[in-house]
Amino acid sequence: MKFPETILHGGDYNPDQWLEYPGIIDTDFELFKKAHINTVTIGVFAWATLEPEEGRYEFAWMDDIFARAERQGMNVILATPSGAKPNWMALKYPEIRRVTPDGMRDPQKGRHNHCLTSPVYRKKVSAINEQLARRYGRHPSLALWHISNEYGGYCYCDLCMGAFQNWLKQKYGTLDALNAAYWTRFWSHTYTAWDQIRFIDSGVSALVLDWKRFMTDQCCDFIRNEMEPVRRLSPIVPVTTNLMGTHPDYDYWQIAKELDVVCWDSYPAWHDQETSFHESNAPLNAAFRHDLTRSLKGKPFLLMESTPSQTNWAAASPLLRPGMLRLASLQAMAHGADSVCYFQLRKSRGSCEQFHGAVIDHVGHGETRVFKDVASLGSSLEKLGGLVGAAIPARVAVIFDWENRWVFEASQAPVNREKHYADTVIAHYKPFWEAGVSVDVVHASADFSKYDVVVAPMLFMVSEETGARLTAFVERGGTLVTTYGVATVNETGLATLGGVPGPLRKALGIWIEEYDALPDVFRRQVQPVEGQPHGLSGLYEARHYLEMVHAEGAETLAVYGDDFYASRPALTLNRFGKGRAYHIASRNDDRFTGDFLRFLIRMLNLPRALETFLPKGVFAQSRVKEGKTFLFLLNFNGAPSQLNGKSAQVDLGSKIYTDAETHAPVQGILTLDPYGSRVLVEA
Ligand code: GLA
Ligand code: ZN
């Protein structure tokens, strides 16, 4: 499969919106040159221009863009247009429009709202994709297929329900097996015919779980249908679709299997705090999602969209401060991105994205702050091209699992409002990220054997099989960290019988009898046991979840400090086989999670991008290629005042580096500008 060996720099480009404006497209291509833009993503949402009437296609405008791209030596990422359906189609074929849970057919509006099952829509998509693949599939400038746009959402039409029932028949074989797995005698919900199963009963958590698994499978099937003509007529060009980080609707571990390359659209809430970075989770949230996206295929990913300035859909979107565009872009690359692409290259004149940030603004020239920032970044990316393909070897895995999230969120439990699955996973990722320790994100059925540490935050759903694999991981010398909520249900959402954590009871050496579920404002204390510091000191605060744990062979490292459960275990360690299994029994403050996980980093001697101390708000990450280590240094402090008046200084220790862009030698103490970012190569 061919793929450009440069960092892709460009983004979504909609010349189809400007066909009646002479000179605009000429200007755009001139400006692309100036901004070192080497890639255009075209065709996203262009269906009505490509096929203005059923079966009548108009490609002249797209031919022209391909020709210009070729003349300028640019890459084209060609999107299939299925993300938005034309009016003529939606009105002629109502079945392609989604139906809501209460049975109402959507009117034609918006986008991303087609039925994934409709044979008519699949046929229409196939036909336009065949045309595109025939015409451009072997074009020398075509670098990548971009299938549709941001798949998401569910449809509840009769076609989808019928397909769901068939899916369930395949999975369970008999209604008896399904009824048993779903525990349907409860409230007399026993199914006596397959067509009684409709996704209307959100009280049955197993049904919700299967519905989301089905919708994921249906999306994979839809993607395969989209790709069939593309694979046939354009076999050497790789395929992607743009994902959305931790978006809840579909299981990205499954979607990623259909794709050659993964990419995502990243829109962090930069500058969401007035005073200082330290209160913002934007860099953390972005870092985790970059690592998650990279981990989906275990290789570099593409940043497909980001804004070069503002978005227009948040409550308020501050301008990117000087330095921030480069910092955000290099942060993505530090975690494995091989591209910096934007939404959008030219700002739309009308409709709902007319005020969303763009490389080329309505003023129409390159004499803008944003354009100059993009051009300067583009020139840097050309110098950083040697990075393409560099890997991130991680010895820590953090589990993020969509199926676990779905069944956990669907279950009605003593804690309902403050569940926070994704945030809990991210809270346990944070200390590694802060320390510059590389992390892979994995799902519960992943191969754990290549890691030293597996962290499983709120792994509520644990099958016998997953339990056995995690147990074997510990037995062979691995370090496992579980938290409150672990192994409460099996793979269909049925409660663990005979004592939680069921299949992990032996490895963890504990029995969890019950848990206290506290309203948000309540706090309880957690304190280390004397002589068992494990990095802990002083009093910590716990909230929401506090489990009542019986140690069955595990040592107690910390205890609760108050309430009727004072002195009961809050943190345990079971030495099992050659490994260690820790259990965190309560939702503790960040200081606890940080102190404890930093202790593990030290104890296990996990490699860090930089061994020296980093100032607050400064992060280091590394990527490795052919024995060469690239060190990224990222300063999220916007002013020296945020570091008590000091500038961000990084101690490079005794190593000697060169700057990856200028090749100048760098050593000793390096001062980073506000929002400054550097890439160094270890000599
Ligand atoms: C998404 C979409 C784009 C655009 C941007 C705006 O990521 O894929 O089409 O709407 O958001 O931020
Ligand atoms: Zn449907």
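Counting convention: from 1, in listed order, for ligands and their atoms alike. What you see is a predicted model; the values in this text were computed from it and never measured.
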Answer with yes or no whether the side chains of Thr80 and Glu226 bring together a donor and an acceptor at under 3.5 Å.
yes
What do the steps show when you test Tyr182 against Tyr172 for ring-ring contact (aromatic ring centres under 6.0 Å, His included), and what is the final call?
CA-CA 11 Å; Tyr182 285 16; Tyr172 292 98; 5.8 Å; yes
Sorted by chain and residue number, the side chain to side chain donor-acceptor pair (under 3.5 Å) partners of His247 (sequence neighbours excluded) come out as none
Residues in side chain to side chain contact (heavy atoms under 4.5 Å, CB included) with Ser380, at least two apart?
Arg326, Glu661
Tell me the protein heavy atom at minimum distance from atom 9 (O) of ligand 1, and give that distance in Å.
Arg111 NH1, 2.9 Å
For atom 6 (C) of ligand 1, closest protein heavy-atom neighbour
His356 NE2, 3.2 Å
Whether Lys430 side chain and Leu284 backbone form a donor-acceptor pair below 3.5 Å:
no
Closer than 2.8 Å to the Zn ion (ligand 2): how many protein N, O or S atoms are there?
4
When you check the gap from the basic side-chain N to the acidic O, do [X] and [Y] get nearer than 4.0 Å?
{"X": "Arg68", "Y": "Asp26", "answer": "yes"}
{"X": "Asp338", "Y": "Lys299", "answer": "no"}
{"X": "Lys124", "Y": "Glu54", "answer": "yes"}

Are Trp264 and His290 close enough that their ring centers fall under 6.0 Å?
yes
Quick one: which ligand 1 atoms are inside 4.0 Å of a heavy atom on [X]?
{"X": "Trp313", "result": "6 (C), 12 (O)"}
{"X": "Glu305", "result": "1 (C), 2 (C), 3 (C), 4 (C), 5 (C), 7 (O), 8 (O), 11 (O)"}
{"X": "Asp265", "result": "7 (O), 8 (O)"}
{"X": "Phe45", "result": "9 (O)"}
{"X": "Glu150", "result": "1 (C), 2 (C), 7 (O), 8 (O)"}

Ligand 1 versus [X], non-hydrogen atoms closer than 4.0 Å: side chain, backbone, both, neither?
{"X": "Met244", "answer": "neither"}
{"X": "Asn149", "answer": "side chain"}
{"X": "Glu353", "answer": "side chain"}

Partner of Met62 by side chain to side chain contact (heavy atoms under 4.5 Å, CB included), out of Thr49, Val76, Leu50:
Leu50
Summary of side chain to side chain donor-acceptor pair (under 3.5 Å) pairs that have at least one residue in residues 359-369, sequence neighbours excluded
Lys347-Asp361
Thr311-ligand 1 polar pair, N/O distance under 3.5 Å
no
So is Gln310 close enough to ligand 1, meaning a heavy atom under 4.0 angstrom away?
no
Are Arg405 and Tyr421 in a cation-pi contact, defined as NZ or CZ under 6.0 Å from the six-membered ring centre and within 45° of the axis?
no
